[in-house]
Q: 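This is the structure I have questions about; it appears just below.
Because only heavy atoms are used, hydrogens play no part in the values below, and waters and symmetry mates are left out as well, while side chains stay in.
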Amino acid sequence: MRLPPGATGFHAPGARADVSAFSAVCHHAARALGATVTGVTPAGVTPSFHTADIADARHHVAVLRHVTLPFIAFARPRAGDEATVTFVDHPGLAAVLDTLTDARVLPADQLQTSLSQADLTALDRVELDQIRYWTAATVGELMFNFWD
C-alpha cells in the first residue's frame, strides 16, 4: 500500500474531516443496519481520527474516520483512555458506508500490514520522523494513532 501525504495526521495537505458530516453518515448507516450510534468522539490534538461507536444486540464496533484523509477503519471499542486500536472487519457496515461516503473502508488485514511492506515515499521528513519516534510497526498504527 502506498501511503499518501498526511497519513500520520501530521502535515496533512487537506482540510480536517467534518465531524458533523461523519456523525450523520454513521447515524444513517446504523439505522440501515438496525443499530444505533452510542457515541461520537471528535479528534482533538490526538488521536488522528474521529470515532463513532455503533452497536446492535449482537455487535459493538468503533468506526474510525481519519482526520484528514478519506479513510475509514473498524476497530473494537476502546475502554476508557486505552490507546490500543484493534482493527476488525465489518462487511455489512462497510457495504452501507460505501454507499454513503467517498471515504474508503480499509480492511483489517491491510491495516495490520507491516510498515516494511508499505510504500512511505510520499511522506515528508516530519512524518517519517514521527514514525520513527513513535515506533509504528503497522499501517494501522501509523494512520490511526494517538501521537501528539
Q: Using a 4.5 Å cut-off on heavy atoms from C-beta on, say whether the side chain of Leu93 contacts that of His59.
A: no

Q: What's the spacing between Arg125 CZ and Phe10 CZ if we round to 0.5 Å?
A: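 With rounding to 0.5 Å, CZ (Arg125) is 13.0 Å from CZ (Phe10).
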
Q: Restricting to non-hydrogen atoms, name the atom on Ala35 and the atom on Ala55 that form the minimum distance, rounded to 0.1 Å.
A: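 Smallest interatomic distance, heavy atoms only, reads CB-O, 3.2 Å.
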
Q: Do Asp102 and Pro70 have side-chain heavy atoms sitting under 4.5 Å apart?
A: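 No; the side chains remain at least 4.5 Å from each other.
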
Q: For a side-chain contact (heavy atoms from CB on, under 4.5 Å) with Met143, tell me which candidate from Val67, Leu3, Thr8, Thr138 qualifies.
A: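 For Met143, the side-chain contact (heavy atoms from CB on, under 4.5 Å) test succeeds with only one of Val67, Leu3, Thr8, Thr138, which is Leu3.
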
Q: If only atom types and distance count, is the side chain of Arg65 paired as donor or acceptor with the main-chain N or O of Ala103 below 3.5 Å?
A: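 No, Arg65 side chain to Ala103 backbone: no donor-acceptor pair under 3.5 Å.
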
Q: Inspect the surroundings of CZ in Arg76 and state if more than 12 heavy atoms from other residues, nucleotides or ligands are less than 6.0 Å away.
A: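 It does not: Arg76 CZ has 12 such atoms or fewer within range.
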
Q: Do any N or O atoms from the side chain of Glu141 and from the backbone of Ala137 form a donor-acceptor pair under 3.5 angstrom?
A: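 Yes; judged by distance alone, with no hydrogens or angles, the pair exists.
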
Q: Within the side chain of His27, is there an N or O that forms a donor-acceptor pair under 3.5 Å with the backbone of Val37?
A: no

Q: Does the Thr135 side chain pair with the main chain of Arg132, one donor and one acceptor, at a distance under 3.5 Å?
A: no

Q: Please tell me if the side chains of Asp56 and Thr36 come closer than 4.5 Å, counting only heavy atoms from C-beta onward.
A: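 SC-SC contact between Asp56 and Thr36 ruled out.
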
Q: Are any of the side-chain heavy atoms of Ile131 and Leu123 separated by less than 4.5 Å?
A: yes

Q: Please check if the side chain of Asp119 supplies one atom and the backbone of Thr121 the other of a donor-acceptor pair under 3.5 Å.
A: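 Judged by distance alone, yes, a pair lies under 3.5 Å.
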
Q: Backbone N or O of Ala7 within a donor-acceptor pair of the His66 side chain at under 3.5 Å?
A: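 Yes.
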
Q: Does the pair Phe49 and Phe22 meet the rule for a ring pair (Phe, Tyr, Trp, His ring centres under 6.0 Å), with working shown?
A: CA-CA 11 Å; Phe49 53 91; Phe22 170 65; 9.8 Å; no

Q: Less than 4.5 Å apart, side chain to side chain, heavy atoms only: is that true for Val88 and Val61?
A: yes

Q: Please say yes or no: joined through hydrophobic side-chain contacts below 4.5 Å, possibly via intermediate residues, are Phe87 and Phe71 part of one cluster?
A: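 Yes, because Phe87 and Phe71 connect within a single hydrophobic cluster, where side-chain heavy atoms sit under 4.5 Å apart.
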
Q: Contact between Val19 and Val40 at the side-chain level, heavy atoms closer than 4.5 Å - yes or no?
A: yes

Q: For a side chain to side chain contact (heavy atoms under 4.5 Å, CB included) check, start with the C-alpha distance between Thr41 and Asp53, then their side-chain angles and the critical distance, and finish with the verdict.
A: CA-CA 9 Å; Thr41 307; Asp53 290 323; 5.8 Å; no

Q: Which one of Asp129, Asp148, Asn145 satisfies the side-chain contact (heavy atoms from CB on, under 4.5 Å) criterion with Trp134?
A: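 When side-chain contact (heavy atoms from CB on, under 4.5 Å) is applied between Trp134 and each of Asp129, Asp148, Asn145, only Asp148 qualifies.
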
Q: Find the distance between OG1 (Thr113) and CE (Met1) and round it off to the nearest 0.5 Å.
A: 8.5 Å

Q: Applying side chain to side chain contact (heavy atoms under 4.5 Å, CB included) to Leu106 and Ile72, what does each step give before you reach the verdict?
A: CA-CA 6 Å; Leu106 300 174; Ile72 291 174; over 6 Å; no

Q: Do Asp98 and Val105 come within less than 4.5 Å of each other through their side chains, counting heavy atoms only?
A: no

Q: So do the side chains of Leu128 and Asp124 get within less than 4.5 Å of each other, counting heavy atoms only?
A: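 SC-SC contact between Leu128 and Asp124 ruled out.
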
Q: Kindly compute the distance separating OG (Ser48) from CD (Gln130), expressed to the nearest 0.5 Å.
A: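 Here the rounded value is 11.5 Å.
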
Q: Spell out, as yes or no, whether a donor-acceptor pair under 3.5 Å connects the side chain of Glu127 to the backbone of Gly6.
A: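 Pair found, side chain donor or acceptor close to backbone of Gly6.
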
